[in-house]
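Encoded as structure tokens, the structure appears first; notes follow it.
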Amino acid sequence: MKRTIKDKVTGFQTTDGAGVHLVRVLGNTTTETYDPILMLDSFDSTNPEEYTAGFPMHPHRGIETISLIVKGNMVHKDSLGNQDQITDGEVQWMTAGSGILHEETLPASEKLLGLQLWLNMPAKDKMSSPEYHSIKKDEIQEIPIKGGTLRLVSGSYKNHKGFTGKYLPLDYYHITLEANQKFTIEMEEDKSVMVFLLIGDAKVAEEVITEKTAVKLTEGSSLDIESLDKDIQIIYLSSNKLEEPIYWGGPIVMNTKQELDLAFSELRSGDFLKEKVDY
């Protein structure tokens with residue numbers, strides 16, 4: 001059975017961090033429909049003044065943040081002592097778990113293009129140990145497909161395997177299609193599937209979708225994607241619905257108001273980090 005469109009959200013221009021210009025697509029009003037994807041922000045700029053202020057040190061708990069930098073650079077530093085830089089085509093995958101502080105700087109480059117998403121963590125795992133991983137270019141398989149390529153950021157595609165997260169399965173594909181090409185993806189019928197048009201407009205499940213739009217699909221075993229008269233880049237995400245209550249405050253996402261209140265109380269008292277190192 002082919003998937004059809006259940007919902008779509010086109011992003012809007014806003015700023016976050018210390019003044020980073022970005023396109024906010026998903027947020028706290030879309031959590032039920034796009035479960036388990038909480039937030040999706042996209043970066044697309046040729047003006048360094050719009051992003052080099054970056055995201056100063058800030059806390060997270062209860063989520064995983066996954067950033068794909070298609071073009072440009074992102075430098076990560078966190079309270080576990082990790083320092084790392086990702087560049088063209090690379091990914092940083094951070095498990096906030098019980099609590100982490102991190103900062104992301106965005107050095108000037110010819111173009112900054114990419115996205116960050118927040119993947120929810122199951123209630124039973126929200127207080128797991130925080131971790132940081134980077135997925136470098138040589139760890140991401142680039143698989144030829146009809147009319148383009150599929151970069152396997154995480155999960156699996158046919159007999160190919162990519163990075164595997166610990167808490168929720170996530171098939172994450174960065175797909176490039178040349179103009180006037182059609183590609184069909186097959187998947188398990190009950191998976192929670194969405195796509196995001198990073199560059200260009202495309203026909204998704206027979207409907208024309210504009211750039212910087214997220215699309216949630218109905219259940220089904222296949223999805224048709226068709227490029228129009230220009231090359232496109234599209235993100236495909238498939239995971240499991242959690243269907244758990246969400247209490248979201250800023251950078252923290254928990255399951256009850258008491259858990260959320262405790263997190264902010266611990267931030268104020270200095271007890272937020274359960275694991276930390278000194279630089």
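Only this structure's heavy atoms are used, side chains among them; waters, hydrogens and symmetry mates stay out.
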Roughly how far, to the nearest 0.5 Å, is the NE2 atom of His21 from the CG atom of Asn47? 8.0 Å
Show your working on side-chain contact (heavy atoms from CB on, under 4.5 Å) between Val215 and Asp7 and close with a plain yes or no. CA-CA 6 Å; Val215 178; Asp7 186 75; over 6 Å; no
Any Leu40 side-chain heavy atom under 4.5 Å of Leu115 side chain: yes
Taking every heavy atom of Gly62 against every heavy atom of Asn120, the minimum-distance pair comes out as O-OD1, 3.6 Å
If we only count heavy atoms from C-beta on, is the Arg61 to Glu266 side-chain gap below 4.5 Å? yes
Under 4.5 Å side-chain heavy-atom separation, chaining through any Ile, Leu, Val, Met, Phe, Trp or Tyr, what else clusters with Leu228? Say none if it is isolated. Val208
The remaining residues in the hydrophobic cluster of Met1, counting side-chain heavy-atom contacts under 4.5 Å among Ile, Leu, Val, Met, Phe, Trp and Tyr, are none
Quick one: pull up CG in Asp271 and CZ in Arg268 and give me the separation to the nearest 0.5 Å. 11.5 Å
Determine, step by step, whether Asp171 and Tyr236 satisfy the side-chain hydrogen bond (donor to acceptor under 3.5 Å, both in side chains) criterion, reporting the C-alpha distance in whole Å, the side-chain angles of both residues, the deciding distance to 0.1 Å, and the verdict. CA-CA 8 Å; Asp171 291 337; Tyr236 170 93; 5.6 Å; no
Flag the pair Leu260 / Gln258 as yes when at least one side-chain heavy-atom distance between them is below 4.5 Å, and no otherwise. no
Which pair of non-hydrogen atoms, one from Gly54 and one from Val20, has the smallest distance, and what is that distance? O-CG2, 3.4 Å
Could you check if a side-chain atom of Ile252 sits within less than 4.5 angstrom of a side-chain atom of Leu267, using non-hydrogen atoms only? yes
Identify the two heavy atoms, one from Phe272 and one from Ile100, that lie closest to each other, and give their separation to 0.1 Å. CE2-N, 3.8 Å
Is it the case that atom NZ in Lys257 sees more than 12 heavy atoms from other parts of the structure closer than 6.0 Å? no
Please list all pairs meeting ring pair (Phe, Tyr, Trp, His ring centres under 6.0 Å) that have one or both residues in residues 27-47, counting only residues at least two apart or in different chains. none
Between Ile235 and Leu117, is there a shared hydrophobic cluster once you connect ILVMFWY residues whose side-chain heavy atoms come closer than 4.5 Å? yes
Between CD1 of Ile135 and CG of Asp138, what distance do you get to the nearest 0.5 Å? 11.5 Å
Is it possible for you to say whether Val25 and Leu38 belong to one hydrophobic cluster, with membership spreading through side-chain heavy-atom contacts below 4.5 Å? no
Gap between atom CG of Leu112 and atom CD of Glu110 - 0.5 Å precision: 12.0 Å
Does any part of the side chain of His133, heavy atoms only, come nearer than 4.5 Å to the side chain of Val91, both counted from C-beta? no
Ignoring hydrogens and angles, write down the donor-acceptor pairs under 3.5 Å from the side chains of residues 147-157, residues two or more places apart or on other chains.
from, atom 1, to, atom 2, distance (Å)
Arg151, NH1, Gly89, O, 3.3
Arg151, NH2, Gly89, O, 2.7
Ser154, OG, Leu170, O, 2.7

Walk me through it: do His174 and Leu68 pass the test side-chain contact (heavy atoms from CB on, under 4.5 Å)? CA-CA 9 Å; His174 172 209; Leu68 166 64; 4.2 Å; yes
Side chain proximity check, Ile37 to Leu119, heavy atoms < 4.5 angstrom: yes
Does one side chain, of Thr210 or Thr213, offer a donor that lies under 3.5 Å from an acceptor on the other? yes
If only atom types and distance count, is the side chain of Ser227 paired as donor or acceptor with the main-chain N or O of Glu178 below 3.5 Å? yes
Distance-only, no hydrogens or angles: does the Arg3 side chain make a donor-acceptor pair with backbone N or O of Leu223 under 3.5 Å? no
Report the C-alpha separation of Ser45 and Glu50 in whole Å, then their side-chain angles, then the decisive distance to 0.1 Å, and conclude whether the side-chain hydrogen bond (donor to acceptor under 3.5 Å, both in side chains) test is met. CA-CA 7 Å; Ser45 177; Glu50 294 183 345; 2.7 Å; yes
Side chain to side chain donor-acceptor pair (under 3.5 Å) with Lys137: which residues, sequence neighbours excluded? none
Pair Asp44 + Lys111: basic N to acidic O under 4.0 Å: yes
Tell me whether Ile145 is reachable from Met187 by hopping between hydrophobic residues (I, L, V, M, F, W, Y) whose side-chain heavy atoms are closer than 4.5 Å. yes
Which value, rounded to the nearest 0.5 Å, describes the distance between Ile246 atom CD1 and Thr256 atom OG1? 12.5 Å
Give me the atom names and distance for the closest heavy-atom approach of Gly99 to Pro130. O-CG, 3.5 Å
Just grab all the salt bridge (charged side-chain N to carboxylate O under 4.0 Å, His left out) pairs involving residues 224-244, residues at least two apart or on different chains. Lys2-Asp224
Would you say the side-chain atoms of His76 and Gln85 include a donor-acceptor pair closer than 3.5 Å? no
Residues passing the side chain to side chain donor-acceptor pair (under 3.5 Å) test with Ser239, sequence neighbours excluded, are none
Donor-acceptor contacts under 3.5 Å from residues 191-202 side chains, at least two apart:
from, atom 1, to, atom 2, distance (Å)
Lys191, NZ, Asn240, OD1, 2.7
Ser192, OG, Asp35, O, 2.6
Ser192, OG, Lys216, NZ, 2.4
Asp201, OD1, Glu211, N, 2.8

Partners meeting side chain to side chain donor-acceptor pair (under 3.5 Å) with Glu104 (sequence neighbours left out): Gln116
If we ignore angles and hydrogens, is there a donor and acceptor under 3.5 Å between the side chains of Thr95 and Glu64? yes
Check: Leu26 main-chain N/O paired with Thr30 side-chain donor or acceptor under 3.5 Å: no
Search all heavy atoms of Ser67 against all heavy atoms of Ile86 and return the closest pair with its distance. O-CD1, 3.9 Å
Quick test of your reading: applying ring pair (Phe, Tyr, Trp, His ring centres under 6.0 Å), list the pairs with at least one residue in residues 44-75, sequence neighbours left out, ordered by first then second residue. His58-His60, His58-His102, His60-His102, His60-Trp118
OH of Tyr247: more than 12 outside heavy atoms within 6.0 angstrom? no
Would Ser134 and Gln92 count as having a side-chain donor-acceptor pair, cut-off 3.5 Å? no
Among all residues two or more places apart in sequence or in another chain, which pass the side chain to side chain donor-acceptor pair (under 3.5 Å) test with Lys8? Glu207
Under a 4.0 Å threshold between the charged nitrogen and the carboxylate oxygen, would Lys166 count as salt-bridged to Glu131? yes
Starting from Tyr167 and following side-chain heavy-atom contacts under 4.5 Å between hydrophobic residues (I, L, V, M, F, W, Y), which residues can be reached? Met121
Do Ile234 and Ile225 come within less than 4.5 Å of each other through their side chains, counting heavy atoms only? yes
Note, Thr14 side chain near Phe12 side chain (heavy atom, < 4.5 Å): yes
Under 3.5 Å, is there a donor on one side chain and an acceptor on the other for Asn73 and Thr87? yes
Which distance, rounded to the nearest 0.5 Å, do you find between the CE of Met57 and the CG of Leu101? 6.5 Å
Taking a hydrophobic cluster as the set of Ile, Leu, Val, Met, Phe, Trp and Tyr residues connected by side-chain heavy atoms closer than 4.5 Å, whether directly or through intermediates, do Ile175 and Tyr172 fall within one such cluster? no
For Asp88 and Gly72, work out which heavy atoms get closest and say how close. OD1-N, 2.9 Å
Verify same cluster id: Met127, Val253 (apolar side-chain graph, 4.5 Å): no
